[in-house]
Amino acid sequence: MTDSIMSKAATMEIPINSNGDTGTLPEDDSLEQDLQQVMVSGPNLNETSIVSGGYGGTAEGIIPTSSMKEEATRGVAVEKLEYVRKWGLNTYKCTKQMISERFGRGSRTVDLELEAQIEVLRDTKRKYENVLRLARALTNHFYSMVQTQHALGDTFADLSQKSPELRDEFGYNAETQKLLCKNGETLLGAINFFVSSINTLVNKTMEDTLMTIKMYENARLEFDAYRSDLEELSLGPRDAVAMARIDTAQQQYQVHKEKYERLRSDVIIKLKFLDENKVKVMHKQLLLFHNAISAYFAGNQQQLEQTLMQFNIKLRPPGADKPSWLEEQ
């Protein structure tokens with residue numbers, strides 16, 4: 001009897017379909033399919049599934065996390081395209097304005113007084129660059145002369161030891177060359193200071209002002225380009241589309257006008273300060289150059305040293321530029 005009950009229970013647990021085969025539950029089918037998919041393609045880590053109906057429920061709650069990255073990437077691309085579009089439009093307007101000015105067809109904003117000052121600055125910079133070039137050439141030639149005097153003095157001193165009959169004569173010349181070499185090194189210190197100051201004035205102070213002038217000239221070109229564009233639109237029709245374009249052009253014109261006026265003010269201020277600084281620097285450097293050269297060729301060693309002390313110039317000891325033995329190793 002017990003065996004009949006167990007066989008009956010087993011028969012009730014195993015479902016039989018219409019063909020006589022053993023069947024499986026729907027939940028088992030979906031579980032097996034999902035397991036097979038994971039084994040073949042691996043788990044899908046790009047999406048997070050939120051399922052309300054259990055493991056095998058519907059996929060209505062899928063939230064793709066990759067869409068956030070796509071939106072961010074799309075936003076950056078749109079910003080870049082917009083920047084390129086504005087840059088291209090601005091370049092087109094400025095190029096058109098530049099060509100119109102060269103062929104005499106377009107008008108340009110002119111500040112005669114300011115442009116005259118800018119031209120004077122450019123001419124002054126060219127002349128100071130020539131002074132700097134000549135001063136550097138003088139430094140190089142004089143340095144070679146000082147090195148030759150130093151070598152000649154050593155040779156005279158060596159000959160005075162090896163030529164008893166001419167010991168005094170070689171000795172006098174050796175002392176003279178050493179004195180000239182010492183005074184020459186002192187004069188080189190003054191000339192190097194002169195060259196360094198002129199180089200700072202020309203290649204830093206003046207160059208900084210010229211960079212601001214370049215920005216001002218670009219702003220002037222943009223201002224005239226948008227001013228001409230606004231004038232052309234104002235002469236056209238006055239429908240709704242045209243009025244919207246005129247309003248946009250008016251806003252762009254106002255923006256570039258403010259930029260032009262701001263840079264114009266900056267240029268005026270920098271030119272004023274540059275002129276004052278140039279006079280102050282050149283007054284000091286020309287006085288130094290004159291006193292040092294005069295004292296050297298007059299043979300006045302004391303006055304030459306006083307000149308360097310007056311301008312707070314400290315000479316480098318011989319061999320200061322050479323690396324130490326440890327640095328060479």
| So does Met145 have more than 12 non-hydrogen atoms from other groups sitting under 6.0 Å from CE? | yes
task: Measure the shortest side-chain to side-chain distance between Met282 and Ile198 over non-hydrogen atoms and say whether it is less than 4.5 angstrom.
output: yes
If you apply the rule ring-ring contact (aromatic ring centres under 6.0 Å, His included), what do you find for Tyr296 with Phe142, and how did you get there? CA-CA 12 Å; Tyr296 173 79; Phe142 196 76; 5.2 Å; yes
To the nearest 0.5 Å, atom CG of Leu287 lies from atom NE2 of His283 at 6.0 Å
Sorted by chain and residue number, the side chain to side chain donor-acceptor pair (under 3.5 Å) partners of Asn130 (sequence neighbours excluded) come out as Arg133
query = Mind checking whether Tyr226 and His256 have parallel, tilted or perpendicular rings, split at 30° and 60°?
reply = parallel
Could you tell me whether a side-chain N or O of Thr95 sits under 3.5 Å from a main-chain N or O of Thr91, the two making a donor and an acceptor?
yes
Task: Lys/Arg N to Asp/Glu carboxylate O, Lys280 vs Glu276, below 4.0 Å - done: no
Interatomic distance, CG@Asn173 vs OG1@Thr155, rounded to 0.5 Å, equals 11.5 Å
The side-chain contact (heavy atoms from CB on, under 4.5 Å) partners of Glu115 (sequence neighbours excluded) come to Arg108, Val110
Closest heavy-atom pair, Leu263 versus Ala219, reported as atoms and distance to 0.1 Å, is CD1-CB, 3.5 Å
Correct closest heavy-atom pair for Ala249 and Asp229 would be CB-OD2, 4.3 Å
So ring pair (Phe, Tyr, Trp, His ring centres under 6.0 Å) across residues 94-126, not counting sequence neighbours, yields none
- request: Would you kindly confirm whether Met215 and Leu210 end up in one hydrophobic cluster when ILVMFWY residues are joined by side chain heavy atoms under 4.5 Å apart?
  value: yes
So the ring pair (Phe, Tyr, Trp, His ring centres under 6.0 Å) pairs with at least one residue in residues 175-215 (sequence neighbours excluded) are Phe194-Phe289
Exactly one of Lys259, Arg227, Lys257 clears salt bridge (charged side-chain N to carboxylate O under 4.0 Å, His left out) with Glu222, and that residue is Lys259
Taken in chain and number order and not counting sequence neighbours, the residues that satisfy side chain to side chain donor-acceptor pair (under 3.5 Å) with Lys127 are Asp123
Do Asp154 and Asp158 come close enough that some side-chain heavy atom pair is under 4.5 Å?
no
Discussion item. I'd like to know if the side chain of Ser196 reaches the main chain of Asn192, judged simply by a donor and an acceptor atom lying under 3.5 Å from each other, with no hydrogens or angles considered.
Written reply: no
Hits for side chain to side chain donor-acceptor pair (under 3.5 Å) against Asn300, two or more places apart or cross-chain, chain-then-number order -> Gln303
Practice problem: Kindly indicate, with the supporting measurements, whether the criterion side-chain contact (heavy atoms from CB on, under 4.5 Å) is fulfilled by Lys278 and Thr124. | Solution: CA-CA 10 Å; Lys278 179 191 68 177; Thr124 302; 4.2 Å; yes
Phe311 meets the ring-ring contact (aromatic ring centres under 6.0 Å, His included) criterion, sequence neighbours left out, with none
Might you confirm whether atom CE of Met243 has over 12 heavy atoms from other residues, nucleotides or ligands at distances under 6.0 Å? yes
Note: Ala135 and Val195 closest approach over all heavy atoms is CB-CG2, 3.7 Å
>> Do Phe297 and Leu188 land in one hydrophobic cluster if side-chain heavy atoms of ILVMFWY residues count as linked below 4.5 Å?
In response: yes
By side chain to side chain donor-acceptor pair (under 3.5 Å), Glu305 pairs with (sequence neighbours left out) Gln301
Residue pairs passing the side-chain hydrogen bond (donor to acceptor under 3.5 Å, both in side chains) test with at least one member in residues 210-221, sequence neighbours excluded, are Glu101-Arg220, Arg122-Glu217, Thr212-Lys270, Arg220-Asp224
- Query: Would you say Leu152 and Leu166 are hydrophobically clustered, going by side-chain heavy atoms of ILVMFWY under 4.5 Å?
  - Reply: yes
Applying salt bridge (Lys or Arg N to Asp or Glu O under 4.0 Å) to Glu207 and not counting sequence neighbours gives Lys125
Considering only heavy atoms from C-beta outward, does the side chain of Asn203 approach that of Leu132 to under 4.5 Å? yes
Might you confirm whether atom CD of Glu113 has over 12 heavy atoms from other residues, nucleotides or ligands at distances under 6.0 Å? no
d(Ile293 CD1, Leu187 CG) to nearest 0.5 Å is 4.5 Å
Applied to residues 189-198, the salt bridge (Lys or Arg N to Asp or Glu O under 4.0 Å) test, sequence neighbours excluded, yields none
Tightest non-hydrogen contact, residues Arg167 and Ser160, listed as CG-O, 3.3 Å
A quick test of your reading: do over 12 heavy atoms of other residues, nucleotides or ligands sit less than 6.0 Å from OH of Tyr143? no
Between the OG1 atom in Thr139 and the CD1 atom in Ile191, the distance rounded to the nearest 0.5 Å is 5.0 Å
* Asked: If Ile, Leu, Val, Met, Phe, Trp and Tyr residues are connected whenever their side-chain heavy atoms lie under 4.5 Å apart, and connections chain through other members, are Val120 and Ile268 in the same group?
  -> no
task = Find out if a path of hydrophobic residues (ILVMFWY) with successive side-chain heavy-atom gaps under 4.5 Å connects Leu308 to Leu180.
result = no
Minimal heavy-atom distance between Leu288 and Ala190, with the atoms involved, is CD2-O, 3.9 Å
When every non-hydrogen atom of Ile213 is compared with those of Leu271, the smallest separation belongs to CD1-CD2, 4.4 Å
Practice problem: Assess whether atom CD of Gln302 is packed by more than 12 heavy atoms of other residues, nucleotides or ligands within 6.0 Å. | Solution: no
Phe156 and Gln177: side-chain contact (heavy atoms from CB on, under 4.5 Å), yes or no, with the steps?
CA-CA 9 Å; Phe156 284 157; Gln177 293 300 320; 4.2 Å; yes
Rounded to the nearest 0.5 angstrom, the NZ-CG distance for Lys182 and Leu304 is 10.5 Å
- Give the C-alpha distance, both sets of side-chain angles, the deciding distance and a yes or no for side-chain contact (heavy atoms from CB on, under 4.5 Å) between Gln285 and Val281. CA-CA 6 Å; Gln285 296 305 318; Val281 170; 4.1 Å; yes
**Q.** SB check Asp266 Arg262 (cutoff 4.0 Å)
**A.** no
Here the gap from Gln250 atom CD to Leu230 atom CG, rounded to the nearest 0.5 Å, amounts to 5.0 Å
*Taking it one step at a time, do Gln306 and Gln310 satisfy side-chain contact (heavy atoms from CB on, under 4.5 Å)?*
CA-CA 6 Å; Gln306 288 178 353; Gln310 178 184 355; over 6 Å; no
Tracing side-chain contacts under 4.5 Å among Ile, Leu, Val, Met, Phe, Trp and Tyr outward from Phe273 reaches Ile269
